[in-house]
Amino acid sequence: MREGSDPGSHLPSSEPFDPTAAGAGSLPAAWSRHWQRDPDRVQLHDPDHGWQRRGDLDAASRRIAGRLARAGLAAGDRVLISAQASSALVVAHVACLRLGLVVIPTNTAYRASELAHVVGDARPRAAIVDDATRAAWLREADATLQVLGPEVDLPDGPAPRLDAIAAQAPALIGYTSGTTGRPKGAVLSHANLLASAEALRLAWRWSDADRLLLALPLFHMHGLGVGLHGTLHCGASAVLLRSFDPEAVLDAAAAHEATLFFGVPTMYHRLVDHPRASELAALRLCISGSAPLPATLHQRFEAATRQRVLERYGMTETAMLVSNPHDAERRPGTVGFPLPGVELRLEGEPPEIQVRGPNVFSGYWEREAANREAFTDDGWFRTGDLGQRDTDGYLTIDGRAKELVISGGYNVYPREVEDALRAHPEIEDVAVVGEADAEWGERVVAYLVAPRRIEVTELRGFVEGELAPFKHPRVVYRVEALPRNALGKVQKHRLDQGRVLAEG
Ligand code: MCA
Ligand code: AMP
């Protein structure tokens, strides 16, 4: 640890944290200050279109906002966006926020029924998608929905009023945490997202000289709220990759002299053994999150690349919460200290992590009962994660009170998978859990009671129309019965103790 530094504060000695530092109120109002100050600096690179300058993003998003406004969309309307990373997608996203529209980022792997759930719940007026099949599914879900491509191919309109939305207005609805079967929408305001971006700017010493290698999808908080919004907030630049491929990451890092890489642990697992891994030594900072980074992988990665990965912890509902320090020891197996503005407490037995701060969302979209459960009476958000702090104050996440499997950084809600499997005529009883896996962190496993052996391929075929492939069970155990307590509730911690009749 550097002498005199306080690893828990995260702050550079000269700068205090002010959640309203971005000042201008909304995300795009804060970003546009950079666009106006120096429009010629490059901002985003995508493999098809090359570099886009700040001024290009300003002008292109202004034009798309004009089209959306002419098509009748107005502040507060929801727009579902589901597309692979590209500069067109970024322009469309920024245009929506500039008009005060509320973006619903949606996984491109979703199937018809998953999309129909989001459409039915959030009632978007428009959707922006990059694939004809998903476009058709969306039209089936709501015939009145305006379904557009990422280029928003509509007639231009008169210049609308931009960047005028209030800080407290909603910016995103992120679908997550389906303990009741289907995901619910976490509503994040511009102020929530600005507070988080400002905390990260300070804590990670993120400056306009940084260049992020962004191989994460732009439909989750990690790629979108941290990677893209952070880049725009700091006036920095980013290189977008359509998908994650270690070779492409290494090539892009070298070609564009990247300084930052953000990834989920599965990405670090795939990079660490690559023969060119040592090239990553040229980066300024590597950050991991969305799932636990095993301490052994942290150490192997350092040996291969000389990078001490900085692990951090966040949630869709809160954006980023806790981070290892930039200047002091980055302790493997821990997530570090609360970020500037975030208050954290450990409550109950086993201790649950509860949080408060300007980054924390105000509630789920139209879910009063869920909101009462999500917050304590004195206003703290229950994360559902279990944790403890070591004697130096570093937080470790050592379990989950909520039922959740995290596979490759994607959340899978066992209840949703169980509901889909239960529709199978021969499945009498089913329980879905996560099993440790070196590459994915956890993999989805189903325990079935059925009159015959059902192979995993058959099971996957059965849920194909209902569930995105990353939610499919990868292993199936046929068992005599599921262990239940006196109240009839399945005891998931005892599932692996029963007699297995077949495995597939
Ligand atoms: C892909 N597959 C997966 C996953 N991803 N299976 C299980 N879990 C996954 N995460 C399967 C596909 O279904 C397919 O299998 C096969 O892998 C190859 O698909 P492909 O798309 O080529 O996979 P990939 O490109 O290798 O994807 C791996 C990945 C990706 C790059 C690690 O999963 C990924 O981008 N993960 C990041 C997710 C993320 O951004 N999470 C942030 C959430 P088959 O052919 O058999 O169907 S935000 C969050 O958690 C909070 C706020 C936070 O703290 O950040
Ligand atoms: P999501 O609902 O996709 O926002 O996922 C949030 C969840 O991811 C958290 O509640 C944690 O369970 C998990 N998570 C995020 N970052 C980490 C991390 N660094 N270590 C362990 N779990 C994490």
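Note that the structure is predicted; figures quoted are calculated from it, not measured. Ligands are counted one by one from 1 in listed order, and the atoms in each one are counted from 1 as well.
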Could you check whether atom 20 (P) of ligand 1 has a protein contact, counting only heavy atoms that fall below 4.0 angstrom?
no
Test: Arg331 and Asp390 ion pair at under 4.0 Å:
yes
Heavy-atom proximity to atom 11 (C) of ligand 1, picking from His472, Arg474, Glu442, Glu464, points to Arg474
Contacts of Arg330 meeting side-chain hydrogen bond (donor to acceptor under 3.5 Å, both in side chains) (sequence neighbours excluded), chain-then-number -> none
Would a 4.0 Å cut-off, counted as strictly less than, catch a protein heavy atom around atom 37 (C) of ligand 1?
yes
For atom 25 (O) of ligand 1, what is the closest protein heavy atom, and at what distance to 0.1 Å?
Phe244 O, 4.2 Å
Would Lys402 and Asp385 pass as an ion pair if we require N to O under 4.0 Å?
yes
Can you tell me the protein heavy atom closest to atom 35 (O) of ligand 1 and the distance?
Pro217 CD, 3.5 Å
Salt-bridged, Arg111 to Glu466, with N to O below 4.0 Å?
no
Give me the residue, atom name and distance of the protein heavy atom closest to atom 33 (O) of ligand 1.
Tyr410 CE1, 3.5 Å
Within the structure, does Arg270 bring an N/O atom to less than 3.5 angstrom of an N/O atom in ligand 1?
yes
In terms of atom number and element, which parts of ligand 1 are under 4.0 angstrom from non-hydrogen atoms of Thr316?
52 (C)
Short N or O distance, Met315 and ligand 1, threshold 3.5 Å exclusive
no
Contacting atoms of ligand 1, where contact means under 4.0 angstrom from a heavy atom of His220:
42 (C), 43 (C), 48 (S)
Determine the sole option in Leu344, Val335, Leu386 for which the side-chain contact (heavy atoms from CB on, under 4.5 Å) test with Ile353 is passed.
Leu344
If you have a sec, work out which protein heavy atom is nearest atom 13 (O) of ligand 1 and how many Å separate them, to one decimal?
Pro469 CB, 3.3 Å
Sorted by chain and residue number, the side-chain hydrogen bond (donor to acceptor under 3.5 Å, both in side chains) partners of Glu279 (sequence neighbours excluded) come out as Arg276
Nearest heavy atom to atom 8 (N) of ligand 1 wins, so pick from Ser407, Ala186, Ala215, Gly223.
Ser407
Looking at Glu114 and Arg182, is any side-chain nitrogen of the basic one under 4.0 Å from a carboxylate oxygen of the acidic one?
no
Quick one: do Arg205 and Asp210 make a salt bridge, cutoff under 4.0 Å?
no
Before accepting this row, confirm whether a basic side-chain N of the pair Arg400/Glu442 lies closer than 4.0 Å to the acidic partner's carboxylate O.
yes
Note: Arg123-Glu366 ion pair, threshold 4.0 Å (strictly below):
yes
Close residues, ligand 2: non-hydrogen atom nearer than 4.0 Å
Thr176, Ser290, Ala291, Pro292, Glu311, Arg312, Tyr313, Gly314, Met315, Thr316, Val335, Asp385, Ile397, Arg400, Lys402, Ile406, Asn411
I'd like to check atom 23 (O) of ligand 1 in this structure: does the protein have a heavy atom lying under 4.0 Å from it?
no
Counting non-hydrogen protein atoms only, what is the nearest one to atom 9 (C) of ligand 1? Give residue, atom name and distance.
Trp440 CZ3, 3.2 Å
Answer yes or no for atom 47 (O) of ligand 1: protein heavy atom present at a distance under 4.0 Å?
yes
Can you tell me the protein heavy atom closest to atom 54 (O) of ligand 1 and the distance?
Arg312 NH1, 2.6 Å
When you measure from atom 16 (C) of ligand 1 to the protein, is at least one non-hydrogen atom found at a distance under 4.0 Å?
no
Atoms of ligand 1, numbered as shown, that sit under 4.0 Å from any heavy atom of Leu216
40 (O)
Salt bridge flag under 4.0 Å for residues Lys492 and Glu403
yes
Is any N or O atom of Ser290, backbone or side chain, closer than 3.5 Å to an N or O atom of ligand 1?
yes
Name the closest protein heavy atom to atom 41 (N) of ligand 1, giving the residue it belongs to and the distance to 0.1 Å.
Gly409 O, 2.9 Å
Counting each atom of ligand 1 from 1 as listed, which ones have a heavy atom of His222 under 4.0 Å away?
42 (C), 48 (S), 55 (O)
Aromatic plane relationship, His93 with His229 - under 30° parallel, 30 to 60° tilted, over 60° perpendicular:
parallel
If I take atom OH from residue Tyr175 and atom NZ from residue Lys184, how far apart are they, to the nearest 0.5 angstrom?
11.0 Å
Would you call Glu455 and Arg460 a salt bridge, taking side-chain N to carboxylate O under 4.0 Å as the test?
no
Please state which protein non-hydrogen atom is closest to atom 45 (O) of ligand 1 and give its distance, to 0.1 Å?
Arg460 NH2, 4.8 Å
Which residues pass the side-chain hydrogen bond (donor to acceptor under 3.5 Å, both in side chains) test with Ser237, not counting sequence neighbours?
Arg211
Rounded distance [0.5 Å steps], NE2 in His256 versus CG in Asp251:
9.5 Å
Could you list which atoms of ligand 1 come closer than 4.0 Å to a heavy atom of Met221?
48 (S), 52 (C)
Between His10 and Trp204, ring centroids under 6.0 Å
no
